[in-house]
Amino acid sequence: MEAASDTLKMIINKICEPEPFFILMVLWCFASVIWADKWVKPKIAFTMMGAFFLLYLFSLTDSNFYSIATKGDNIPIIAMLFMSVYFTWLGFWRGVENDKRKAEGRPMIEEEGKEVKVLVWPHLIYIEFIVGIFCTALLVVWSIVIMAPLEEPASSAATPNPSKAPWYFLGLQEMLVYFDPWMAGVVAPSLIIVGLMAIPYLDKNPKGNGYYTIKERWFAISFFNFGYLVLWMALIFLGTVMRGPNWNFFGPFDYWDVHKQPVLNNLNLSELFFIKTLDMGLPEHWLKREALGIALTVIYLFVLPVLFDKVPFFKIGEFFKKMRIEMGAVRYYTFIFLFLTMMSLPIKMVLRWTVNLKYVVAIPEYFFNI
Amino acid sequence: MADDKELRPAHVPKRQQSIFQPIYDSQIWQSIFRHGWMDNDRNRALVIITNVFMHLHPVRIRKSGVMLSFTWCMGGLSFFLFLVETVTGVLLMFYYRPTAEYAYVDIVALREHVPLGLFREMHRWGAHAMVIIVWLHMFRVFLTGSYKPPREFNWNVGVILLVLTLLLSFTGYLLPWDQLAIWAVTVGTNMARATPLLGHEGPGAMFIKVGDISLVHAGSDVRFGLLGGRFVGEATLLRFYVLHCVAIPLGAAVLMAVHFWRIRKDGGISGPM
Ligand code: HEM
């Protein structure tokens, strides 16, 4: 028993390391769209959610996990995790149901009784009333049972370790592992806001307006879920549960050891190129030193979009070309720019894990590192 | 009630006289409620249109729009939690002084000496819940494609509301003035140092200078403006307090009014054409 539970914990610790964790999240994100009609079946979905919950209960028996999961501010994050899974299921389930009905030529759920409009009083008011009462009750009980956290009085002398941003920004703090503060803390959040605002103007697909569907909007949904569920929700979870002192990685069942010293052997692209590959010293001038990185960045952001569109390599090229024709050039290039900036995070993660890349362009002279 | 008699279908029995009838008939009651008993459609409509708060709703709504599994009620709950935060927040303001000397002690006093001092808990958990609920609301709106024309603008109002919700949470995080508070806010605001051009450690900031004098330095960059100093201190506490209790809630309330108004102008809750 003891041994089995230890093995299970070890496996989970391994799976939760940033690399497998992230890769699994990405696979799950796309698999959930591709096989939507399979997994949303209530029997399967609720079995999975049940298993997930049992896993959580099992994890609570571990004292290290318990101490993290029961910290006042972390309780809502765990709740958020379960809610995200549940509501993803609910949305997908209704989408799959609608797709099925459409294929069979039946009206969708939202189309049933389309001719009738119901009176807001009482039909909507009573729902709002009951939901309001239920949530008030929940909030009162939650407040009685769990005290709001209060630590030692503020002191600018004693820095806690780890120092964490408020939980809803932990995705951005996780980005700091891969990017400098000006990217993770300023550019990324700005682009997230701009990107969100741009969605209605970029998505020209007239289908799926006002009803759940998966088939008619598979690309938009996978793309949004990748940003929302993986890059935001999953990274918050990672930052809360698996980042300990000095922002080092710890498995959910690991003890947060302050003295853990990870090997730091990350190199800049210029170092990889000039020192490791060419076996010579770094050039004096930053422009010469970073030319390769700058060129790659420019190609990535500005040449790749055009290439995507002009060169029909594989199916991807055709897909992007069709997209450009449907969207128009301005929308297409805006979308691709936002898309590529978003993808720079997973790309940088992979480069870090594979070749220990630190910065593609490193100009510390001007605080400009990416 | 004259309306009642006229509109009551023949098969519906006449409502029994209530013992409160004299109250309903009084001039005071009638001056407040301009509708009769809600047992017919006319009065059910009047309830909504004669009450400014109810009037956030339309009188009639498409059937799919009231389904809990369509909206998840997440927008309504976001607003509800905003109201909870307002009420509990006002109560907290009675006990709390935003100075380095008193802030922490006031929170401790609230916990130890105030009977039913539950509202700090309600305020904090409600705030966390609101952040999550607003995210889920956005997720629902995305999944139903409700940002598509004609609702593009309302999605944008929503995005700003989301940002304001996060900023409300963030500014509130500092107020207990404990270790958790100042270090979380320090980590968060340290990013502002690196703002391109405007932060003293941001790319490009060093080029902004007159002659040899740099204009963007630790004592003049955006972070300094945000914190009211070079580090999180008493000036920051006051700034965040004012932002948290006055400026951001006001902005959010105005935008919520726009958001709700636009839902109706855009044709109500979305549904298939
Ligand atoms: C404090 C934040 C917010 C409040 C109080 C709020 C409130 C509401 C309410 C009550 C509705 C009615 C339908 C429903 O309950 O779902 C609604 C609809 C809507 N909301 Fe929000 N919302 C907020 C944030 C957002 C955000 C972050 C977005 C998107 C980024 C958004 C976009 C929309 C859109 C497009 C609709 C129309 C949906 C439809 O017609 O189906 N809102 N909002």
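When reading the values below, keep in mind they use all heavy atoms of this one structure, side chains included, and skip hydrogens, waters and symmetry mates. Bear in mind that the values here come from a model prediction, so they are computed numbers and not experimental data. Labels below follow one simple rule: chain letters A, B, ... track the order of the sequence lines, proteins then strands, and each chain is numbered from 1.
When each of B/Arg62, B/Met67, B/Met122 is scored by its heavy-atom pairs under 4.5 Å with chain A, the top score falls to B/Met122. Of all the listed residues (B/Gly126, B/Gly158, B/Ser69), the one sharing the greatest number of non-hydrogen pairs under 4.5 Å with chain A is B/Ser69. Of the listed residues (B/Ala181, B/Gly76, B/Pro58, B/Ser146), the greatest number of heavy-atom pairs within a distance under 4.5 Å of chain A belongs to B/Pro58. Between chain B and the residues A/Val140, A/Ile146, A/Ile144, the largest count of heavy-atom pairs under 4.5 Å involves A/Ile146. Of the listed residues A/Gly185, A/Ala154, A/Ala165, the one with more heavy-atom pairs under 4.5 angstrom with chain B than any other is A/Ala154. With chain B as the partner, the residue from A/His123, A/Met80, A/Arg94 showing the most heavy-atom pairs under 4.5 Å is A/Arg94. Interface remark: of the candidates A/Ile214, A/Ile363, A/Asp180, A/Thr88, A/Thr88 forms the most heavy-atom pairs closer than 4.5 Å to chain B. For the set A/Met147, A/Met233, A/Glu112, A/Glu115, the count of heavy-atom pairs under 4.5 angstrom toward chain B peaks at A/Met147. For the set A/Val116, A/Ile199, A/Ile193, the count of heavy-atom pairs under 4.5 angstrom toward chain B peaks at A/Ile199. Looking only at heavy-atom pairs under 4.5 Å with chain A, the residue among B/Arg124, B/Met54, B/Lys63 that has the most is B/Arg124. The candidate with the highest count of non-hydrogen atom pairs below 4.5 Å against chain A, out of B/Ala184, B/Gly233, B/Gly204, is B/Ala184. Of all the listed residues (B/Phe207, B/Phe119, B/Tyr173), the one sharing the greatest number of non-hydrogen pairs under 4.5 Å with chain A is B/Tyr173.
At most 12 non-hydrogen atoms from other residues, nucleotides or ligands lie less than 6.0 angstrom from CZ of A/Phe134. Remark: B/Tyr102 OH is loosely packed, at most 12 non-hydrogen atoms of other residues, nucleotides or ligands lying under 6.0 Å away. Environment of OH in A/Tyr201: crowded, with over 12 heavy atoms of neighbouring residues, nucleotides or ligands closer than 6.0 Å. Surrounding CH2 of A/Trp89 are more than 12 heavy atoms belonging to other residues, nucleotides or ligands, all under 6.0 Å away. Within a 6.0 Å radius of CD in A/Glu151, more than 12 heavy atoms belonging to other residues, nucleotides or ligands are found.
Panel note: side chain B/Trp155, backbone A/Leu196; a donor-acceptor pair is recorded below 3.5 Å. Although no hydrogens or angles enter the test, the distance criterion places a donor-acceptor pair under 3.5 Å between the side chain of B/Lys148 and the main chain of A/Asn205. Without hydrogens or angle criteria, A/Gln173 side chain to B/Gly188 main chain gives no donor-acceptor distance under 3.5 Å. Looking at B/Glu121, its side chain does come within 3.5 Å of a backbone N or O of A/Ala148 through a donor-acceptor pair. At distances below 3.5 Å, not a single donor-acceptor pair connects side-chain atoms of A/Trp182 with backbone N or O atoms of B/Arg193. Between the side chain of B/Trp183 and the backbone N or O of A/Ala158, at least one donor-acceptor pair lies under 3.5 Å. The closest donor-acceptor contact from the side chain of A/Lys164 to the backbone of B/Leu180 lies at 3.5 Å or more, if one exists at all.
Residue contact with chain B, scored on non-hydrogen atoms closer than 4.5 Å, is absent for A/Lys204. Both the backbone and the side chain of B/Leu166 come within contact range of chain A, each with at least one heavy atom under 4.5 Å from a heavy atom of that chain. Of the two parts of B/Ser169, the backbone and the side chain both hold a non-hydrogen atom closer than 4.5 Å to a non-hydrogen atom of chain A. Both the backbone and the side chain of A/Asp73 come within less than 4.5 Å of a heavy atom of chain B. Heavy-atom distances place both the backbone and the side chain of B/Asp41 under 4.5 Å from chain A. At a 4.5 Å heavy-atom cutoff, B/Ile269 makes no contact with chain A through either its backbone or its side chain. Residue B/Val66 touches chain A through both its backbone and its side chain, counting heavy-atom pairs closer than 4.5 Å. With a 4.5 angstrom heavy-atom cutoff, A/Trp93 does not touch chain B via any of its atoms. Neither the backbone nor the side chain of A/Pro189 comes within contact range of chain B, judged by heavy atoms closer than 4.5 Å. With a 4.5 angstrom heavy-atom cutoff, A/Ile221 touches chain B via backbone and side-chain atoms both. Of the two parts of A/Val120, the backbone and the side chain both hold a non-hydrogen atom closer than 4.5 Å to a non-hydrogen atom of chain B.
The cationic group of A/Arg217 lies under 6.0 Å from the six-membered ring centre of B/Phe142 and within 45° of the ring axis, placing it in a cation-pi geometry.
In terms of heavy atoms, A/Phe368 sits closest to B/Pro203 at CD1-CB, 3.8 Å. Here the closest heavy-atom approach between residue B/Leu143 and residue A/Gly91 is recorded as CD1-CA, 3.9 Å. Nearest heavy atom pair, residue B/Pro149 against residue A/Asn209, reads O-ND2, 2.9 Å. Nearest heavy-atom pair across B/Pro176 and A/Leu150 is CB-CD1, 4.0 Å. The heavy-atom pair separating A/Pro160 from B/Gln179 by the smallest distance is CD-NE2, 4.3 Å. In plain terms, the two heavy atoms of A/Pro76 and B/Ile132 that are nearest each other are O-CD1, 3.4 Å.
Side-chain contact between A/Pro200 and B/Asn156 is present, with at least one heavy-atom pair separated by less than 4.5 Å. Counting heavy atoms from C-beta outward, A/Met108 and B/Pro272 have side chains that approach closer than 4.5 Å. Taking 4.5 Å as the limit, every side-chain heavy atom of B/Arg120 sits out of range of all side-chain heavy atoms of A/Ser143. The side-chain heavy atoms of A/Pro153 and B/Asp178, taken from C-beta on, include no pair separated by under 4.5 Å. Between A/Ile109 and B/Ser64, the closest side-chain pair of non-hydrogen atoms is not below 4.5 Å.
A/Leu119 pairs with exactly one of B/Val59, B/Ile61, B/Val47 by the side chain to side chain contact (heavy atoms under 4.5 Å, CB included) rule, that one being B/Val59.
Rounded to the nearest 0.5 angstrom, B/Trp135 CH2 and A/Met83 CE are separated by 12.0 Å. Atom CZ of A/Phe87 sits about 13.0 Å away from atom NE2 of B/His137, to the nearest 0.5 Å. Atoms CG and SG, on B/Leu77 and A/Cys135 in that order, are 4.5 Å from each other to the nearest 0.5 Å. Expressed to the nearest 0.5 Å, how far CZ of B/Arg60 lies from CG of A/Leu124 amounts to 14.0 Å. One distance of note links SG of B/Cys73 with CD1 of A/Ile130; it measures 10.5 Å at 0.5 Å rounding.
In terms of the side chain to side chain donor-acceptor pair (under 3.5 Å) criterion, B/Arg111 has no residue partners (sequence neighbours excluded).
The ring of A/Tyr212 has its center closer than 6.0 angstrom to the ring center of B/Phe70. Ring pair B/Phe170/A/Tyr168: centre-to-centre distance not below 6.0 Å. Checked against a 6.0 Å centroid threshold, the rings of A/Tyr228 and B/Phe139 count as neighbours.
The aromatic rings of A/Trp142 and B/Trp125 lie parallel to each other, their planes meeting at an angle below 30°, with 60° marking the opposite boundary.
Side chains of A/Trp121 and B/His57: no donor on one and acceptor on the other come within 3.5 Å.
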